[in-house]
Every structure is written in C-alpha cells, then in structure tokens.
Amino acid sequence: MKKLAFLCCSLLLAVSAQASEVKNMRALLGRLLPEHQHLFIVKQLPDKDGDHFTLASKGDKIIIGGNTANSMAVGLNHYLRYYCNVSIGWFVDDKYEMPDTLPVIEGEVKIKARCNDRFFLNYCTFGYTMPWWKWREWEHFIDWMALQGVNMPLAITGQESVWYRVWRKLGLSDEEIRNYFTGPAHLPWHRMNNIDYWQGGVPMSWLESQESLQKQIVARERELNMRPVLPAFAGHVPQELKRIFPEAKMDKLACWAGYSEPYSPSLLDTSDPLYAKIQKMFIEEQTALYGTDHIYGLDVFNEVVPPSWEPEYLARISKQVYESLRKADKDAVWLQMSWLFYHKSKQWTPERIEAYLKGAPLSKQILLDYYCDRAEVWRLTDKFYGAPYIWCYLGNFGGNTNLAGDLRDIHNKVEASLKDGGANLIGLGSTLEGLDCSPFKFEYLFEKAWDMPQHQDSDKWICHLADRHLGHSDHRAHKAWLLLHNKVYNFTAHTTHATAANARPSMRKRLVRTDNRILNRYPNSVLVEAIDLLLECNGTKELFAYDLVNLIRQLLGNRYNDLFVEYKSAMEQCDRSKMSELEGKMMAIHADLEELLSSRTDLLVGKWIADARAFGTNDAERLYYEQNARCLLTTWGERDAELNDYANRMWAGLTAGYYGKRWQMFFDAVNDAFDAGEKFDEVQQKALHNRITAFEEKWWHDCLGNYTSTPKGDPLEVSKRIYLKYR
C-alpha cells in the first residue's frame, strides 16, 4: 500500500508540474500576444535529453511543445522570428505587430538545446540600465529573457534590504548602514566591493521598494524555469564594523578607479570567525526573503588588489569562501566572474589562478568567461583546470551607443569552444554592461545555444534580421544589412567607444573615451549606402524606425570626428575663417542630433531622470535620485575621476545640454585666445579643463537643464529630413 501511495503521489506531482508548465507558458502568451493567444496550443513534452521544443500547425492553430515553459518560450520566439518576421524587443515600450494570419508550419520542427545553461546579465547592467526599473519594465524583460532561453539570470536587486537586516543585527545604526550604501545607480560597484559611501544615505523607502521588486522578479523567473543567481558574502564590510568588532581582521583596500580614500572599501579576511558568521546570517536572511536556487554570485577580488599575491594565500581564501558557503547552504554552488583574470592579467599568473581555483572544490564552482569577444580565459587556464564554465559575450560597455559587434567572430569562437572547450564547458551567456544598443547580437548569441540551422550562416541570419526589422522581405534591406554586417558590425566593443561629439574637448592626440582604431574602421560612405537602401524600402515598423535613427546618429557622430580633424588643422594654420565655419558645422550637428534623438522615448535623458525621480516620496528624495542618475552618466564619480564619460551615450538632453555645452566652452576658449593674438596653449587648455570640470559637476549636482521625457516628432520623418542634410 505504501508503494502504491508513493506512486500515486509521484504521478500527481508530475501531472501538477506539467500543468504548471503549460499554465506559465499560456500566461506568457497572454502578456506578449493577448490578441493572438487563442491561436496557440501549448503542450508538455517529456523532460528527457535536455531542453527541446517542437512546432507544428493544426488548422489555423500553432502547436508549441516543450519540456519546460522556458523551452516553449524559445519555440514561440523561433516561430515569431522565422515565420512571422516579428522581433520582440527587450524594452517594455518596444512595439511589434503580428501578421493578420498566422503562417502555416510545414511538417514538424524539432530543435534541441546544445547546452544546458544560458546565463545573462552583468552586475553593471543593474546600474547602467536597470536602476530605475519597476515591475512593468522587469516583467517584460523577464519574458524577453525566456524567449531567448535564458535560464540562469543574475538577480541582485534588493540585496541591500538583506544587508540592512544583517548589519542591524550586528549592531550598526540605521544611519551608518544607509550611508555605507552608495546611491542606487552606483550600487553594482558597491556590491562588487569597489566603492563605499559615495552618494550614500539611501532612503529606507528605496530598500523597501527593491525588496518588494526582487520578490516579484525571482518568482516570475522561477515560473519560467530560470535559476536566479543570488548574491552571497564576499567579505565586503562597513568600516564601522571595526567599532563593534575591534579584533576583526579587516583590510582597507586600495582606492578604485580614481576615487579618494574615504570611498575605498574594507575587506574582512576569510579566516576571521566573523566571516563565516556573516555569510550564514546573510544566506539565511536572503533565503527567507527570496528563496534560493543554490547558485551564489560571489567575487572577492573584482578589480581590486588582493592583500597578498602568494598562491598559498589565494588558495586559502577560496577554500574558506567555499566552506562558508557550504556551511550556510550544503548545496551551494559558487559562481564568479573570470573578469579579474583578464583585467589584471599580468598579476593573475597561471600559477596564481590555478591555486585560487583549486582552493575550493572545482565541481562546486561555475566560472563566467566574461569577455570572450576579446579574450577567452579558458584557453589561458587549461580550461579553468576542470571547473565548470560558461562562455560569455560581453558586447557593450557602459551603455555606449556606438555601433559595434561581430557575428562572425561570435560564430567562430562559440563553435570552436563547443568543439574544443572540454566537457566542463556547460553553457553560453552574455555579460553586457548596458542594454542601450541594438539587441540583435545578443539574440544571435542565444540562438547558438540551440541546434537551429539559421545561425550557422551569419549572412543568411542577417537577412532574416532585415526581414524582421522591415516586416517583410526586400532585397534592398538585405543588401543594406549585409553591408553593415560586413563593414560596420565587424569588430567587438571596447571601453573607449564614443565619437568626438560625446567626448570632453581637448587638443590632445586622442580624446578621452574615443579610440581612433574604432573611429576609422569604415568610411562613412558605407553608412550612407546602407541608409539609402533602407529608405528605398519605405519601412514603417518600429524596428525599422529605430534602425534609421541608430544609423543616422552614428553617421553624424562620425562626421563630427572628421570635422574636428579639419578644425585642428585649421587651428595649426591660424585660419580663423575656416575655424569659424567648422565650429558652426560641429555645433549644428549637436542641434540636429538633439532633434533626431528627441523623436524616441528610449533616447531621452529626460526619461532616465524622470524614472529616477519617480522613486522619490518627497522633494528631497526626488532631488537625491536625480543627482545620482545624472552623475553616473557623466562624471561617474568624484570630480575629474578616471571613469568620467565611461557611460556616455547619444541621448537627447546629453547631446545638446551636456556634450554640446562642453564643446561650446572649448570653441569660446579657443576664440578668446586667438582674439587676444595668442595660440591656444597648454596653460589655456588647463584653464578650460578646470572650467569644463566645474560645469560637469554642476550639471549633475545642481541639476542644470530641464529635460522632457516626452518624444517630439515622428522618428521616420525626422530621420529622413535630418539625413538629407548630411547625406
């Protein structure tokens, strides 16, 4: 009887689980395709041989099968892309249109996953894109991740609420804790043990709102078969903890990225008994609030210098980190970035990396090979010495908006890695820093996690992309996108990725945050030819309009680079007439870019600011959030710090009200020097630098300029009119 009861119970649980998968997939259909959901039949497939999905037609209905709701979502996305010419974007306000009649599928499509784990997001994304998101944005984005098959998302929202509870229990005051946290947009770098206290004083209402939001995020991600990667304790502690535990082994780390000493973090040694105690407290508090899938993101030395480089010390650290995790959660898996091995590659020698990794059980770790588009660390570490790892494409730094990405490079590296990367290569992922770029490169990457034939030929894939963005097939759109694919999107993203229009003005050989290797990779005539071809297609879709704005803003930025080269030459020749003419043209580009970008909601700095202010419960909080939002995009940190302009982007409000203002200050300074019969020399350059620095700080601190969050004009009409001026 007991055996029969057990079998009945198991059967009921299996039936319930299957019903849940179908229910969750139907809910996703209702959110994304409310007017068409009745045309889809969803069915559960046996959960064997890894993730897989099937597609077929039955009358006017489309049948989507899958072993999980996540697999079914990938199947839906495949049908939308390759049968309906529909792309669903990652932003909630992205528009898409379904065909009047759903296309019929001939026969049955059967597709399996090539790897079990598909990771997404970067700690930085939570600062450069997501700090001001609410559930409306997150709900859509989680659905977008499901469509790509993401099943291991980074989920670090709301951890300050957990830390608040831990630090309070250990004796810190409310004020000490909230001042220890940075401003919301800077929290990713506080979480990564880089900075403390910067724009601290986070309101309690922020902690409460983020706690509530994280509960919604992880619940929905789990409904869609994702295992959220939650944080754990890496040793990062408030300096004030020393007051309560004077004997604690704490090190004040070196200053990070140009920040001054008051903002440098403190690290508790893993050998201190307090370390394991805090780890256990944090895991217990977090699990009570958000549950757990037993995968914990924990990075001890991200972009910071360890107190010692001795291999024995590094091995001891990793051993004790894992032991603290295991004692808090016996099923814990330690996930960490391999970015540190790339970022400080001279210091992280093979001997040190091996000692560090082998200090903990390799089978209980997952390494993210973070920047494979630039350097595949697995090749430099004997495949991470056997530790499971995920091949990751980064693809964007700081939310920079210049065109970058190389599908052929992604294809070649992924295929070679799947072939030669060893049995411990367990998945693919992306670690982009910002979403303010075209998502197609990341869509391509996640398709490679499945045995779809489309991604094997990047030329064919890019033509499918052209069809989706236009809404139908047109050879002119194919030709335009093949041009872009072959001559523009043929290199990877860098941290110095901006045009001169966004850069801080200077007469130096290279402007900060620009790179001539990037700026001169292709002639502007390529963009002109591609835009001409697209305009001949007379597209009307949302994605088509985005493409035009995206390409034209790049064209104008590139023209700005060329004009500045001419301007410097005219300066050397003391040709005032030519200088005046070029100044007028460059400032006109700022004005035209402002008008172009103002036509789209997603390209308005005013929306970024409005979204930040919306978290405020009073005027003081609204000002606090606005200052924090403005700071990250501009100076980033302290006055004249290393990361100034790191998060630059071509957005309305920034283009004219910030970058344009700096350039006008530059031109005025040069003109004043020439009017006085002098050349613009180093002394005057330094004086200008100080004036620009003061303006930058004032812009975010005093909130200079009121920027609208409402777009102006039709993007297609504005794009065409402005383009004709620069063609």
Side-chain angles (χ1 to χ4, degrees), residues 47-51 113-120 150-155 222 225-235 270-271 275-276 279-280 282-283 286-287 291-302 311-342 348 350-370 372 376-392 417-429 431 449:
D47 193 5
K48 62 180 182 179
D49 300 326
D51 291 338
R114 305 170 79 192
C115 51
N116 293 328
D117 297 301
R118 285 90 64 181
F119 177 85
F120 196 45
V150 172
N151 62 5
M152 192 187 288
L154 191 63
R222 288 170 181 141
N225 313 107
M226 301 179 191
R227 293 173 294 156
V229 177
L230 299 175
F233 178 52
T270 56
S271 65
Y275 187 97
Q279 185 76 273
K280 191 171 189 298
F282 179 81
I283 297 296
Q286 180 174 250
T287 303
T292 184
D293 292 84
H294 311 291
I295 305 174
Y296 300 99
L298 190 162
D299 297 277
V300 184
F301 301 125
N302 180 63
E312 293 79 8
Y313 168 81
L314 298 172
R316 190 259 293 175
I317 292 293
S318 61
K319 177 182 179 181
Q320 291 170 335
V321 166
Y322 171 71
E323 281 302 311
S324 75
L325 273 176
R326 184 186 63 80
K327 288 177 181 177
D329 178 352
K330 64 180 178 59
D331 298 317
V333 175
W334 177 12
L335 179 141
Q336 58 183 321
M337 301 181 278
S338 69
W339 172 261
L340 74 167
F341 305 140
Y342 164 78
W348 280 101
E351 180 189 16
R352 290 168 176 167
I353 295 173
E354 184 173 9
Y356 180 66
L357 294 181
K358 288 186 176 180
L362 294 175
S363 63
K364 294 296 184 177
Q365 299 182 59
I366 298 176
L367 277 297
L368 299 175
D369 205 348
Y370 225 64
C372 286
E376 294 173 297
V377 176
W378 72 264
R379 294 184 181 277
L380 310 175
T381 57
D382 192 18
K383 303 170 187 174
F384 290 108
Y385 307 104
Y389 71 98
I390 295 175
W391 190 101
C392 295
S417 297
L418 291 175
K419 178 183 177 184
D420 304 323
N424 55 319
L425 171 56
I426 61 172
L428 300 179
T431 51

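These values consider heavy atoms only, across backbone and side chains, with no hydrogens, waters or symmetry-generated copies.
Closest non-hydrogen pair, Leu368 versus Ser338, comes out as O-OG, 2.8 Å. Contact record, Cys372 with Trp391: CB-CE2, 3.3 Å, taken as the closest heavy-atom pair. Here the closest non-hydrogen pair linking Glu376 and Ser417 is OE2-OG, 3.0 Å. The two residues Ala449 and Arg118 make their nearest non-hydrogen contact at CB-CG, 3.8 Å.
A donor-acceptor pair is defined here as one N or O able to donate and one able to accept, closer than 3.5 Å; no such pair exists between the side chain of Glu351 and the backbone of Pro311.
Taking the side chain to side chain contact (heavy atoms under 4.5 Å, CB included) definition, one finds that Ala276 meets it with Ser324, sequence neighbours left out. Contacts of Arg227 classified as salt bridge (Lys or Arg N to Asp or Glu O under 4.0 Å), with partners at least two apart in sequence or in another chain: Asp117. Asn151 pairs by the side-chain hydrogen bond (donor to acceptor under 3.5 Å, both in side chains) definition with nothing, not counting sequence neighbours. Scored by the salt bridge (Lys or Arg N to Asp or Glu O under 4.0 Å) test, Asp299 finds no partners at all (sequence neighbours excluded). Contacts of Phe384 classified as ring pair (Phe, Tyr, Trp, His ring centres under 6.0 Å), with partners at least two apart in sequence or in another chain: Tyr389. For Tyr322, the ring pair (Phe, Tyr, Trp, His ring centres under 6.0 Å) test picks out no residue, with sequence neighbours left out. Qualifying side chain to side chain contact (heavy atoms under 4.5 Å, CB included) partners for Leu362, counting only residues two or more places apart in sequence or in other chains: Leu357, Lys358, Gln365, Ala387. Judged as a side-chain hydrogen bond (donor to acceptor under 3.5 Å, both in side chains), and not counting sequence neighbours, Trp334 has no contacts. Residues satisfying the salt bridge (Lys or Arg N to Asp or Glu O under 4.0 Å) criterion with Lys383, sequence neighbours excluded, are absent altogether. For Trp348, the ring pair (Phe, Tyr, Trp, His ring centres under 6.0 Å) partners two or more places apart in sequence, or in a different chain, are Trp309, Phe341, Tyr356. Every residue was checked against the side-chain hydrogen bond (donor to acceptor under 3.5 Å, both in side chains) condition with Asp382, not counting sequence neighbours, and none meets it. Not a single ring pair (Phe, Tyr, Trp, His ring centres under 6.0 Å) links Tyr296 to another residue, sequence neighbours left out.
Two residues are said to be in side-chain contact when any heavy atoms from C-beta on lie closer than 4.5 Å; Ile283 and Phe233 fail this criterion. The shortest distance between side-chain heavy atoms of Ile426 and Ile390 falls below 4.5 Å. Residues Trp378 and Leu425 fail the side-chain proximity criterion, which asks for heavy atoms closer than 4.5 Å. The shortest distance between side-chain heavy atoms of Arg316 and Thr270 falls below 4.5 Å. Side chains of Met337 and Cys392 form no contact here, defined as non-hydrogen atoms less than 4.5 Å apart. Between Tyr385 and Ile353, some side-chain heavy-atom pair lies under the 4.5 Å cut-off. A 4.5 Å side-chain heavy-atom check between Gln336 and Val321 finds every atom pair outside the cut-off. Met152 has its side chain within reach of Leu335: a pair of non-hydrogen atoms, C-beta onward, lies under 4.5 Å apart.
Annotation: the span from Leu314 atom CG to Lys319 atom NZ amounts to 15.0 Å, rounded to 0.5 Å. From Asp331, atom CG reaches atom OG1 of Thr292 across 9.0 Å, with rounding to the nearest 0.5 Å.
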- Can Asp293 and Arg222 be said to form a side chain to side chain contact (heavy atoms under 4.5 Å, CB included), step by step? CA-CA 9 Å; Asp293 292 84; Arg222 288 170 181 141; 2.7 Å; yes
- Item | Check against side chain to side chain contact (heavy atoms under 4.5 Å, CB included), Trp339 and Thr431 | CA-CA 10 Å; Trp339 172 261; Thr431 51; over 6 Å; no
- Full working for side chain to side chain contact (heavy atoms under 4.5 Å, CB included) between Leu325 and Gln279: CA-CA 7 Å; Leu325 273 176; Gln279 185 76 273; 4.0 Å; yes
